[in-house]
Number of protein chains: 2
Amino acid sequence: MVTRAEAVTRQLREAILGGQYEPGARLSEMALADGMSVSRTPIRAALSVLFTEGLLDYEPNCGYVVRRITLDDAIHIYTVRATLEGLAARLAAEIGLAEAERTRFEAVLAEMERLVAGKAWKAEQMERWGELNIAFHGMICAAAGNGYLASSILRTRTLPVLTERGLKTFFAERAVVWWDRAAYRRSQDDHLDIGEAILARQGTRAETVMREHIERAGRLIHRKLAIGSEAALALP
Amino acid sequence: MVTRAEAVTRQLREAILGGQYEPGARLSEMALADGMSVSRTPIRAALSVLFTEGLLDYEPNCGYVVRRITLDDAIHIYTVRATLEGLAARLAAEIGLAEAERTRFEAVLAEMERLVAGKAWKAEQMERWGELNIAFHGMICAAAGNGYLASSILRTRTLPVLTERGLKTFFAERAVVWWDRAAYRRSQDDHLDIGEAILARQGTRAETVMREHIERAGRLIHRKLAIGSEAALALP
DNA sequence: TCTGTCGTTATTGTGTACAAAAAGGGCAGG
DNA sequence: CCTGCCCTTTTTGTACACAATAACGACAGA
């Protein structure tokens with residue numbers, strides 16, 4: 001059986017990443033305990049874990065608040081993420097994909113291409129593309145054969161990134177994208193290049209393109225948020 | 001005032017990283033509570049934090065044990081660290097050092113050079129060199145101006161890395177090095193190159209040299225540990 | 001009216017009792 | 001003699017009570 005502390009941790013993490021709490025919101029132990037029908041003990045354990053994970057801020061005797069991440073922080077995180085995913089791409093290229101992986105990899109790339117190139121481009125297609133995109137990056141991560149790297153990358157994707165004035169929380173996994181189709185096309189071109197490089201065992205090329213691919217996303221987000229438009233996020 | 005939970009966390013972290021517990025050792029809550037003259041509550045909080053940090057393994061209803069990191073894990077961590085410190089070096093070069101930073105930076109490099117080039121090379125000099133080495137890498141980290149990057153690098157340096165058969169725990173900060181002087185010379189040459197590149201604002205060069213610099217340390221450790229010699233660690 | 005201090009109140013930190021689950025040992029059966 | 005089951009024991013998980021600390025507000029003095 002799973003302990004209540006674990007269940008609460010998962011629930012709270014989902015809630016925070018899902019944007020159910022405003023950035024800066026205080027998380028009172030009693031309130032949470034009442035709301036979740038457990039005692040304060042598992043709540044405290046969960047809060048301490050989420051603090052260590054970087055989702056909450058904490059001050060002794062003052063309690064926990066949902067972490068407020070600035071635009072600069074988001075850029076910093078994207079910079080690190082670009083480098084790490086670049087490393088993953090290089091390793092994947094150097095190690096090479098097994099037969100089954102390769103098949104699936106090519107299938108994912110092909111379906112993304114069909115979507116982007118197709119006539120229909122509605123919410124349904126965008127959502128599907130988002131899923132495939134996550135799968136694409138995930139496969140490269142896995143193919144790199146470095147668990148520590150994988151978990152480091154995961155960390156860069158699960159931090160709640162939020163605007164300064166805008167109160168919306170959003171985070172990379174959700175892949176809600178609100179910009180024009182050309183951006184998808186450009187992103188997909190990168191994917192094709194990266195895929196080609198990996199399959200051709202060209203490590204440096206894969207690394208370079210991947211890094212630029214992610215950094216572009218960071219710049220896009222920065223620009224969109226800086227001019228105060230609605231939150232826009234790529235998971236490119 | 002600092003809470004007991006925080007104090008216990010710090011103490012326990014030090015103890016684990018310092019190698020006071022065998023890898024795989026069970027950490028009983030009651031035993032720790034008795035030993036530290038506090039109740040189980042702060043102990044539990046500390047253990048949960050250290051688990052989240054990756055220093056401990058945990059199984060519900062079974063308790064915590066000191067994490068056993070394999071040689072492969074260590075290599076993986078070093079690979080990530082090499083990439084991240086490379087990134088830091090590049091950013092530092094691109095941003096440039098402020099006047100005060102630059103002065104201190106050059107002073108550190110010069111003292112390291114004096115030590116390595118000097119006649120005396122005993123434990124005292126090695127220890128001092130280790131300190132300066134940490135300072136050198138730390139300054140680059142800080143100069144990169146990316147807090148997320150800095151904390152990510154820190155994480156790669158505080159993981160307990162231990163041999164499979166050998167029971168010794170050792171970790172990067174301690175910088176205990178047991179190999180010949182030539183390795184220091186080589187390391188210092190790298191430092192000079194990196195320093196030169198950063199001061200000359202040559203980002204790519206700084207990144208490349210730094211990455212190789214750290215990866216060499218990883219390879220050295222791998223080789224030393226793989227052939228079963230005494231643990232040897234560079235903090236290069 | 002502003003400001004500083006004091007007391008109240010709410011919230012967190014710690015200790016401890018009890019419940020629940022797993023580990024270990026003893027016993028019976030094969 | 002070995003194996004499997006059951007009971008005991010130990011250890012962890014949870015709840016709750018109390019202590020300690022910080023936030024808030026009222027009041028008095030300037």
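Per chain, numbering begins at 1; letters A, B, ... match sequence-line order.
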Please give, in whole Å, the distance from [N] [atom2] to [X] [atom1]?
{"X": "B:L47", "N": "D:dT12", "atom1": "CG", "atom2": "C1'", "result": "11 Å"}
{"X": "B:E59", "N": "C:dA22", "atom1": "CD", "atom2": "P", "result": "10 Å"}
{"X": "A:R44", "N": "C:dT11", "atom1": "CZ", "atom2": "C1'", "result": "10 Å"}
{"X": "B:I43", "N": "D:dT11", "atom1": "CD1", "atom2": "P", "result": "15 Å"}

Review point. Has the side chain of B:R4 got a donor or acceptor that lies under 3.5 Å from a partner of the other kind on the base of C:dG15?
Key: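 A donor-acceptor contact between them is absent.
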
Check your understanding: Any donor-acceptor pair under 3.5 Å between the side chain of B:T41 and the base of C:dG15?
Key ->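 Donor-acceptor pair under 3.5 Å: yes.
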
Check your understanding: Does atom CD of B:E127 have more than 12 heavy-atom neighbours from other groups under 6.0 Å away?
Key ->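 It does not: B:E127 CD has 12 such atoms or fewer within range.
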
Check your understanding: When you check the phosphate oxygens OP1 and OP2 of D:dC16, does a side-chain N or O of A:R40 lie under 4.0 Å from one of them?
Key ->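 Answer is no, no contact under 4.0 Å.
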
Check your understanding: Are B:Y58 and D:dG13 close enough that a side-chain N or O sits under 4.0 Å from OP1 or OP2?
Key ->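 The answer is yes; a side-chain N or O of B:Y58 sits under 4.0 Å from OP1 or OP2.
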
Looking only at the side chain of [X] (C-beta and beyond, no hydrogens), which of the listed nucleotides [options] gets closest?
{"X": "A:V38", "options": "C:dT14, D:dT14, D:dA15", "answer": "D:dA15"}
{"X": "A:A5", "options": "C:dA22, D:dT14, C:dT16", "answer": "D:dT14"}
{"X": "A:N61", "options": "D:dT21, D:dA15, C:dA21", "answer": "D:dT21"}

Review point. With a cut-off of under 6.0 Å to the ring centre and 45° to the axis, is B:R81 in cation-pi contact with B:Y78?
Key: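 Yes, a cation-pi geometry.
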
**Study point:** Within residues 25-36 of chain A, residues whose heavy atoms come under 4.0 Å of DNA chain D
**Key:**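 Under 4.0 Å from DNA chain D: no residue of residues 25-36 of chain A.
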
Review point. Does the side chain of A:T103 reach to within under 4.5 Å of the side chain of A:L97, using non-hydrogen atoms?
Key: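 Counting from C-beta outward, A:T103 and A:L97 never come under 4.5 Å.
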
Exercise for review: Could you give me the CA-CA distance, side-chain angles and deciding distance for B:E85 and B:R157, then say whether salt bridge (Lys or Arg N to Asp or Glu O under 4.0 Å) is met?
Suggested key: CA-CA 11 Å; B:E85 290 222 35; B:R157 292 162 64 130; 3.7 Å; yes

Exercise for review: With sequence neighbours left out, write down each residue that passes salt bridge (Lys or Arg N to Asp or Glu O under 4.0 Å) with A:E111, or none if nothing qualifies.
Suggested key: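 A:E111 satisfies salt bridge (Lys or Arg N to Asp or Glu O under 4.0 Å) with A:R128 once adjacent residues are dropped.
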
**Study point:** salt bridge (charged side-chain N to carboxylate O under 4.0 Å, His left out): pairs with one or both residues in residues 135-149 of chain B, sequence neighbours excluded
**Key:**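 The answer is none; no pair qualifies.
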
Check your understanding: Should the pair A:H213 and A:H191 be assigned to parallel (<30°), tilted (30 to 60°) or perpendicular (>60°) ring geometry?
Key ->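 The rings of A:H213 and A:H191 stand perpendicular, inter-plane angle above 60°.
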
Review point. So what does A:A45 hit on the nucleic acid, given a heavy-atom distance under 4.0 Å: a base, only sugar-phosphate, or nothing?
Key: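 A:A45: no heavy atom of the nucleic acid under 4.0 Å.
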
